[in-house]
Number of protein chains: 4
Amino acid sequence: MLMTIDGSSSEPLYVQIRDQIVAGIATGALEPGQSLPSVRALASDLGINLHTVNKAYAVLRDEGYVAMRGRAGAVIADPSTAASPGTEAAQAKMGDELFRLALAFRARGGTCAAFLEAAAAQADRAYGAAAAGIADGAGAAAEAPHPAAFAGGAPACIDSASDSPERKAQR
Amino acid sequence: MLMTIDGSSSEPLYVQIRDQIVAGIATGALEPGQSLPSVRALASDLGINLHTVNKAYAVLRDEGYVAMRGRAGAVIADPSTAASPGTEAAQAKMGDELFRLALAFRARGGTCAAFLEAAAAQADRAYGAAAAGIADGAGAAAEAPHPAAFAGGAPACIDSASDSPERKAQR
Amino acid sequence: MLMTIDGSSSEPLYVQIRDQIVAGIATGALEPGQSLPSVRALASDLGINLHTVNKAYAVLRDEGYVAMRGRAGAVIADPSTAASPGTEAAQAKMGDELFRLALAFRARGGTCAAFLEAAAAQADRAYGAAAAGIADGAGAAAEAPHPAAFAGGAPACIDSASDSPERKAQR
Amino acid sequence: MLMTIDGSSSEPLYVQIRDQIVAGIATGALEPGQSLPSVRALASDLGINLHTVNKAYAVLRDEGYVAMRGRAGAVIADPSTAASPGTEAAQAKMGDELFRLALAFRARGGTCAAFLEAAAAQADRAYGAAAAGIADGAGAAAEAPHPAAFAGGAPACIDSASDSPERKAQR
DNA sequence: GTGGTCTAGACCACT
DNA sequence: GTGGTCTAGACCACA
């Protein structure tokens, strides 16, 4: 599990760490039960302060991604087990973020199908990704494997788009 | 175009303004060529500082949503002609945000189909929405109209999903 | 809203602050919308580091008791509004704590009625308390107003007690 | 008396042991006079360090739950004869914990009756429980048997509840 | 050895 | 002016 830090990013360091660990969990690079490096070790590896790593771990613990066992470091939590409280809150938050993105997409003149295409492309990127190295997202290229197949088969928002005739953009 | 400010939100005020204007553009409440209220007027309407509105407008300009015309105030940009420099950067950023969301979704144990279902639900919400009042996203309920239709017709991540077990076997 | 800190307590300082603010909210000494002192001001008043107060505020924010508005300090959240996510999680946690206390009470030889009496006494203390000074709990005297009335009218656990005949303690 | 340890819990190991022994005493699985396993035996059974079990026993002794008899190991104390010094301190502590819970409950907007209902539900859980396996409280569902009967018959906080509106008027 | 807590001083974004 | 973040160094509880 290789991790890198971009000190010049506007993203807080502890968020960068959090995101990479979440990505690691998602791609299977980090499996439930596996131990994370100690705060001191990771801090020294990354060349940052241990409190920063500590905060990242605390956030991950609060979000239910890892369990802290004081004694023996932090371990990846099993998502199936315990279904940490706050899960549905987190899901609602993700829904709202998707909504915001969809609005921004539409405001840019993108069609609904194009948005779903983009979502499918990113989903493929996230779900197809093996445990290979995943950068922290700065300028990633987004190679969509086969988005067209998706856009063609999804009638979901053709309806919604057609039922808002007062919308005059897209021209 | 009614706008409201939630002073107790953790979202910066200028971001709240930006989001609502973007939502207005998306829903058609604000059309290309239309003038935004002057910085002074909006600031006084909302009871906030000039600088805050100014910053919101600057962000919208940088993102290519509006064009600033010195004396004449700000007007909504036409997305089709908007070859503004920030556009592709903004699009890449949206792709990355979708990617991050997909990763977080997967890390929580969600399937690819479920993610696309959620994306479709939010897309319906964003694209189906007329120019009615759209709150700034505080805990909206979403109510996906017909997500199942989407999940059924999307071959995009059936593949990714099906190669998930064999990924598990790789280790 | 007077606050005191006991540096010799085993309770972390930030928890002491949190508890007193929660107590203030409960008793009405702090009302929804009211501003809390700034981290710097409170820290200097209490003679502790601002980071400690900051942590207390962060915990209160995470628990949904207060809203942080970066710009203008922290304000008491309205419990009726928004019903912050994680509420049911917090309630489950409180239920488990009550369960643990009930078990400890029973292990000490206390009857079920006595436990409910104690709970009623403390409930009266918490709910009857006006906005008067409430110490941070070190050796409080627990003046139960009228616990007997309660114990007499509650048939709830007479049954439960009698239906566990294998229990041989209480003698 | 089966005991289990959750190494990934945030609860210290010695507290987990203490809680399970207290639960055992409460449910009758451990009776006054009965011997606890030796420190060595329990430590080896649980696969943890001697010191950890030792600390758990020391805490139980300090709280008056068990009596240490040098060579003969630890035996469950008889609650009726237990005039141990720590007893009243422990009882005061339990009262304070109830008070803190009641305050937190009220601060979240819960009524006094609801708090007593929750307490009654947990009391039923604790007092109704036979010597069956009692997990260490991770997300147990509770299922209050008949809380309504309790809330209806308790005049204790009807008073407090009814003076709540007039308290609001005082300001 | 682990993470948790407290202190201290600095810079930054937002208003 | 506010809180948020990062750094730095120290002590403590737990194992």
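Convention: sequence-line order gives letters A, B, ...; per-chain numbering from 1.
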* Asked: Whole Å only: how far is the CG atom of C/D6 from the P atom of E/dC6?
  -> 12 Å

* Asked: With a 4.5 Å limit on heavy-atom distance, are the side chains of C/T4 and C/Q20 in contact?
  -> yes

* Please check the phosphate of E/dC14 (OP1 and OP2 only) for any side-chain N or O of B/K55 closer than 4.0 Å. => yes

* Asked: Roughly how far, to the nearest 0.5 Å, is the OH atom of D/Y14 from the CG atom of D/D19?
  -> 10.0 Å

* What's the closest nucleotide to the C/M68 side chain, out of F/dC14, F/dA8, F/dG4? -> F/dG4

* **Nearest-angstrom distance from the residue atom CZ of C/R61 to C1' of F/dT5** => 12 Å

* D/R108 charged N/C atom sitting above C/Y65 aromatic ring, 6.0 Å / 45° -> yes

* Got a minute to check which stems DNA chain E is part of, using Watson-Crick or G-U wobble pairs under 3.5 Å, three or more consecutive? -> E:1-14 with F:1-14

* Toward the 5' end of DNA chain E, by each residue's nearest nucleotide, A/A74 or C/I48 -> A/A74

* Asked: At their closest point, which heavy atom of D/I17 faces which heavy atom of D/M3, and how far apart are they?
  -> CG2-CE, 3.8 Å

* Starting at atom OH of C/Y57, determine the distance to atom P of E/dC6, rounded to an integer number of angstrom. => 15 Å

* D/L13 vs A/Y14, nearer the 5' end of DNA chain F by closest nucleotide -> A/Y14

* To do: Could you work out which one of F/dG4, E/dT2, F/dG9 sits closest to the side chain of A/R40?
  => E/dT2

* Please tell me if the side chains of D/Y57 and D/I21 come closer than 4.5 Å, counting only heavy atoms from C-beta onward. => yes

* **Full working for side-chain contact (heavy atoms from CB on, under 4.5 Å) between D/L98 and D/M94** => CA-CA 6 Å; D/L98 275 172; D/M94 285 193 359; 5.8 Å; no

* Under 3.5 Å: donor-acceptor pair, side chain of B/E97, backbone of A/L101 -> no

* Structure fact -> To the nearest angstrom, the CG-C1' distance between A/L42 and E/dT2 comes to 14 Å

* To do: Mind checking C/L50 for me? I need base, sugar-phosphate or nothing, with any heavy atom below 4.0 Å counting as a touch.
  => nothing

* To do: Using whole Å, report how far CG of D/N54 lies from P of F/dC14.
  => 14 Å

* To do: Using whole Å, report how far CD of C/E11 lies from P of E/dG4.
  => 16 Å

* To do: With the side chain of C/V39 defined as its heavy atoms from C-beta on, choose the nearest nucleotide among F/dT5, E/dC6, F/dG3.
  => F/dG3

* Nucleotide nearest B/P12 when distance is taken to its side chain, options E/dC14, E/dA8, F/dT7 -> E/dC14

* Grab the CG-P distance between D/N49 and E/dT2 for me, whole Å please. => 17 Å

* To do: Among the candidates E/dG3, F/dC6, E/dT15, find the nucleotide nearest to the side-chain atoms of A/T52.
  => F/dC6

* To do: When you get a sec, tell me which of E/dG3, F/dG3, E/dA10 is the closest nucleotide to the side chain of C/H51?
  => E/dA10

* To do: Calculate the interatomic distance between D/I17 atom CD1 and F/dA15 atom P; express it in whole Å.
  => 8 Å

* Asked: Say you draw a straight line from CG of B/L46 to CD of B/Q16; how long is it, rounded to the nearest 0.5 Å?
  -> 9.5 Å

